[in-house]
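Residue numbers start at 1 and run along the sequence shown. Every heavy atom of this structure was used, including side-chain atoms; hydrogens, water molecules and symmetry mates were not.
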Amino acid sequence: MQQYEDCIIFLLAKAYQAAHGHFKKKLLPLGLTPIQHLILEALWLEDGVSAGDLGKMLVLDGATLSGVLERMAEAGWIAKEKDPEDK
């Protein structure tokens, strides 16, 4: 019988949990969550991208992204601007 510790999926999940926990601790003093950090990284690579395009880039649904962007704007991490081409 194979032990869980020998299963690659189990080991990958444990490695992810450890890395994610460490990353969260590093971001905590900044007041950021891992998803917010991911958004900042994406905006650093492509500044001024629309929320829709950002969602596609990060594979995030609109409802999730909208709430995160709103909290980031309120905290001063990003500036939201209306697209002049939107009607």
Yes or no on side chain to side chain contact (heavy atoms under 4.5 Å, CB included) for I35 and T64, after CA distance, side-chain angles and deciding distance?
-> CA-CA 10 Å; I35 190 79; T64 299; 5.7 Å; no

Heavy-atom count around Q17 CD within 6.0 Å, excluding the residue itself: above 12?
-> yes

Distance-minimising heavy-atom pair for [X] and [Y]:
X: S50; Y: D53; result: OG-N, 3.1 Å
X: L40; Y: W77; result: CD1-CE3, 3.7 Å
X: K80; Y: L69; result: CD-O, 4.1 Å
X: A51; Y: L65; result: O-CD2, 3.1 Å
X: L54; Y: A42; result: CD1-CB, 3.6 Å

Mind checking the [atom1]-[atom2] spacing from [X] to [Y]? Nearest 0.5 Å is all I need.
X: L32; Y: M72; atom1: CG; atom2: CE; result: 6.5 Å
X: S66; Y: L60; atom1: OG; atom2: CG; result: 12.0 Å
X: E41; Y: M57; atom1: CD; atom2: CE; result: 10.5 Å
X: L38; Y: L58; atom1: CG; atom2: CG; result: 4.5 Å
X: K26; Y: L30; atom1: NZ; atom2: CG; result: 10.5 Å
X: R71; Y: I78; atom1: CZ; atom2: CD1; result: 11.0 Å

Counting N and O atoms only, with roles assigned by atom type, does the side chain of Q36 sit under 3.5 Å from a partner on the main chain of T33, one being a donor and the other an acceptor?
->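 Flag set: sc Q36 to bb T33 pair under 3.5 Å.
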
